Peer 1: 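Structure in structure tokens, see below.
Being a predicted model, the structure only gives us computed values, none of them experimental. All chains are named by letter (A, B, ...) in the order of the sequence lines, taking the proteins before the strands, and each is independently numbered beginning at 1.
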There are 2 protein chains.
Amino acid sequence: MKLEILTKNENQEIQNGIISKIRDLINYKNLEPGDKLPSERMLSEKFEVSRTNVREAIQKLEFYGLLKSKPQSGTFIADIGQVAMNGMIEDILRLEDSDFKSLVETRILLELKTVRLAAQRRTEEDLIQMKEALDAYSVKVENGEDAMQEDLLFHLAIAKASGNSTMNTFMLIITPEIITKFEEHHVCDKGLAFMGIQEHQDIFDAIKNQNPQEAKAKMKVHFKALYQYCYNI
Amino acid sequence: MKLEILTKNENQEIQNGIISKIRDLINYKNLEPGDKLPSERMLSEKFEVSRTNVREAIQKLEFYGLLKSKPQSGTFIADIGQVAMNGMIEDILRLEDSDFKSLVETRILLELKTVRLAAQRRTEEDLIQMKEALDAYSVKVENGEDAMQEDLLFHLAIAKASGNSTMNTFMLIITPEIITKFEEHHVCDKGLAFMGIQEHQDIFDAIKNQNPQEAKAKMKVHFKALYQYCYNI
DNA sequence: CCAACGAAACTGGTTAACCAGATTGGTTTG
DNA sequence: CAAACCAATCTGGTTAACCAGTTTCGTTGG
């Protein structure tokens with residue numbers, strides 16, 4: 001068999017190709033929710049790709065909740081209906097990578113909500129963890145060191161305290177991208193860092209006092225510079 | 001070698017075990033951003049697990065942006081710093097599955113934003129696609145059929161029109177879960193579906209007229225029943 | 001004639017062998 | 001002595017063979 005080394009991009013393209021072929025198969029064979037997909041071996045033969053590629057494509061669709069693999073049994077179509085299946089696959093195929101503006105916009109949206117929820121729902125344990133992150137940030141800044149990591153860990157602690165597992169997951173997904181993009185764009189600034197200590201403290205106090213409005217207001221202040229930067233790209 | 005069939009849950013546990021061992025290794029060996037991780041073979045031997053398990057764990061950390069694999073070269077630690085790395089891995093290990101309330105809460109938050117952005121940024125092409133989804137929904141409802149899929153596809157069309165790729169992705173992630181959970185909880189209701197036609201039309205008109213405030217207000221109306229349901233679980 | 005049984009085929013998951021590009025360290029050459 | 005080179009080695013990626021439940025369907029016994 002001919003062998004080639006593919007770049008990540010090319011690999012993604014053939015994966016998307018498999019996904020669209022799976023969609024066509026579902027439509028053509030009129031497979032309904034709960035039905036079994038042809039076996040991985042059969043698909044790899046029919047599509048003329050390796051079984052590994054088929055497995056990766058299936059795993060991607062499984063991640064989005066469209067398929068469900070059962071060991072020693074088969075891969076099954078989720079109970080979301082044919083129309084939704086087609087629409088979702090279409091969207092997944094057209095999905096593009098997140099740009100910086102989208103990331104920041106989403107982060108601000110999420111955090112203005114998580115901070116309110118945290119003020120309502122935080123436990124004593126949450127407070128302890130936020131305080132730890134807060135102190136770690138202060139120490140770094142006062143030593144004149146870069147504290148972006150500690151900064152974001154404080155924000156992640158808030159997300160955890162929000163008690164909303166979905167938003168917590170989403171914050172985890174975007175945080176590393178935010179960090180790397182920040183470093184690329186040189187968003188961090190020593191002067192802002194010192195202001196950040198007080199701003200973090202204000203947010204923490206509002207959460208501790210279980211005051212959602214105050215917490216959101218203080219977070220808005222904290223995001224002011226970032227907000228303007230985001231909309232001036 | 002001894003072989004056992006593991007449930008998905010057990011499999012996830014050993015994967016989390018590998019992830020925490022990788023974290024320990026990074027700390028113990030004092031690996032810094034950009035450094036190369038030991039090879040997959042070495043890790044599988046040291047941790048006494050299969051190389052496949054190691055690869056899966058690495059892929060998971062790669063999904064969260066903490067590692068980066070380069071073909072024929074090695075796996076490298078992302079440029080996010082040791083502190084952030086530790087905190088993130090800790091959070092990922094403790095991450096729990098999304099509950100229904102979190103999902104709905106997040107959906108409402110996202111959609112109240114995407115609908116505003118869509119009103120600001122929608123293109124003519126976006127309008128056409130939203131109109132298609134809208135009509136498909138109306139037809140189904142007027143025929144007395146279940147139209148939850150068409151309902152959600154209309155909302156996904158709005159997310160696409162928002163021009164924010166991150167929020168679009170997040171909507172795609174939660175939608176299938178929402179559908180299945182809705183069916184479990186029997187949230188859908190024929191009476192509400194007829195009201196939904198007008199509500200969808202109102203949202204569409206506001207987006208078409210590029211009126212963000214109106215769009216958000218109409219979306220809030222549309223979510224009213226869902227909102228109450230969510231907070232009464 | 002039908003239900004109960006069982007072996008063979010089929011399933012997704014797992015393992016081990018293999019591929020070719022990247023890396024490395026010692027040798028050679030200017 | 002330094003730079004260029006080359007082969008041995010190491011890397012993540014890929015393939016094929018294997019594992020053990022699950023399913024299927026023909027057979028058998030009542």
Peer 1: Roughly how bent is the helix from dC1(C)-dG30(D) to dG30(C)-dC1(D) end to end, in steps of 10 degrees, with each end axis from five pairs?
Peer 2: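 Rounded value for the end-axis angle: 20°.
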Peer 1: Roughly, in whole Å, what's the span from CD in E40(B) to P in dT14(D)?
Peer 2: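 Rounding to the nearest Å, CD of E40(B) and P of dT14(D) are 11 Å apart.
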Peer 1: Indicate whether the side chain of T123(A) and that of D126(A) have a donor and an acceptor atom separated by less than 3.5 Å.
Peer 2: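 Judged by distance alone, the side chains do pair up.
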Peer 1: For a quick check of understanding: with a heavy-atom distance under 4.0 Å over all strands, which category does S50(A) fall into, base, sugar-phosphate or nothing?
Peer 2: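 Here S50(A) touches the backbone only, sparing every base.
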Peer 1: Step by step, would you call E105(B) with R121(A) a salt bridge (Lys or Arg N to Asp or Glu O under 4.0 Å)?
Peer 2: CA-CA 14 Å; E105(B) 209 169 63; R121(A) 302 174 183 169; 2.5 Å; yes
Peer 1: With a 6.0 Å cut-off on ring centres, are F154(B) and Y137(B) close enough?
Peer 2: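 No, too far apart.
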Peer 1: So which atom in K36(A) and which in G74(A) form the shortest heavy-atom distance, rounded to 0.1 Å?
Peer 2: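 Reported closest heavy-atom pair: CD-CA, 3.9 Å.
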Peer 1: Strictly below 4.0 Å: does R55(A) bring a side-chain N or O up to OP1 or OP2 of dG13(C)?
Peer 2: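 Answer is yes, contact under 4.0 Å.
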Peer 1: Distance check needed: dG13(D) P versus K68(B) NZ, whole Å only.
Peer 2: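 Rounded to the whole Å, the gap is 10 Å.
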Peer 1: Looking at the side chain of R41(B), which of dG12(C), dT14(D), dT11(D) is the nearest nucleotide?
Peer 2: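 Of dG12(C), dT14(D), dT11(D), dT11(D) is nearest to the side chain of R41(B).
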Peer 1: Between dT11(C), dG13(C), dG12(D), spot the one nearest the side chain of P71(A), thanks.
Peer 2: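 Within the option list, the nearest is dG13(C).
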Peer 1: I18(B) has an atom CD1; how far is it from atom P of dT14(C), in whole Å?
Peer 2: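 Computing the I18(B):CD1 to dT14(C):P distance gives 11 Å.
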Peer 1: Send over the distance from F76(A) CZ to dC10(C) C1', rounded to a whole Å.
Peer 2: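 In whole Å, dC10(C) C1' lies 12 Å from F76(A) CZ.
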Peer 1: Among the candidates dG12(D), dG12(C), dT11(D), find the nucleotide nearest to the side-chain atoms of S39(A).
Peer 2: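 Nearest nucleotide to the side chain: dG12(C).
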Peer 1: Let me spell it out: for each of N53(A) and K36(A), pick the nucleotide of DNA chain D with the closest heavy atom. Which residue's pick is nearer the 5' end?
Peer 2: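 By nearest-heavy-atom nucleotide position, the 5'-most residue is N53(A).
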Peer 1: Return the value, rounded to whole Å, for the distance between atom CG of L67(A) and atom P of dT11(C).
Peer 2: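 Distance, rounded to whole Å: 16 Å.
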Peer 1: Looking only at the side chain of S73(B) (C-beta and beyond, no hydrogens), which of the listed nucleotides dT22(D), dA17(C), dA22(C) gets closest?
Peer 2: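 Nearest nucleotide to the side chain: dA22(C).
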Peer 1: With the side chain of T52(A) defined as its heavy atoms from C-beta on, choose the nearest nucleotide among dT15(D), dG12(D), dT11(C).
Peer 2: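 Of the candidates, dT15(D) comes closest.
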Peer 1: With a 4.0 Å cut-off on N to O distance, would you call E111(B) and R107(B) a salt bridge?
Peer 2: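 Looking at E111(B) and R107(B), the cut-off is met.
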Peer 1: In this structure, how many angstroms lie between the P atom of dT14(D) and the CD atom of E48(A), rounded?
Peer 2: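 The distance from CD of E48(A) to P of dT14(D) comes to 18 Å, rounded to the nearest Å.
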Peer 1: Between S98(A) and T166(B), does any side-chain donor sit less than 3.5 Å from a side-chain acceptor?
Peer 2: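 Result is yes, a qualifying pair exists.
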Peer 1: Evaluate the criterion side-chain hydrogen bond (donor to acceptor under 3.5 Å, both in side chains) for residue pair D135(B) and S138(B); output intermediate values, then yes/no.
Peer 2: CA-CA 5 Å; D135(B) 291 341; S138(B) 303; 5.1 Å; no
Peer 1: Can you tell me which nucleotide in dG12(C), dG13(D), dT11(D) comes closest to the side chain of Q72(A)?
Peer 2: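 Looking only at heavy atoms from C-beta outward on Q72(A), the closest nucleotide is dG12(C).
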Peer 1: Would you mind reading off the distance between L43(A) atom CG and dG12(C) atom C1', rounded to a whole angstrom?
Peer 2: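 L43(A) atom CG is separated from dG12(C) atom C1' by 12 Å.
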Peer 1: Does the side chain of T75(B) get closer than 4.0 angstrom to OP1 or OP2 of dT11(D) through an N or O atom?
Peer 2: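 Checking T75(B) against dT11(D): no side-chain N or O falls below 4.0 Å of OP1 or OP2.
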Peer 1: Who passes salt bridge (charged side-chain N to carboxylate O under 4.0 Å, His left out) against E132(A), sequence neighbours left out?
Peer 2: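 Partners of E132(A) by the salt bridge (charged side-chain N to carboxylate O under 4.0 Å, His left out) criterion come out as none, since no residue qualifies.
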Peer 1: Rounded to the Å, how far apart are L37(B) CG and dT11(D) C1'?
Peer 2: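 Rounding to the nearest Å, CG of L37(B) and C1' of dT11(D) are 13 Å apart.
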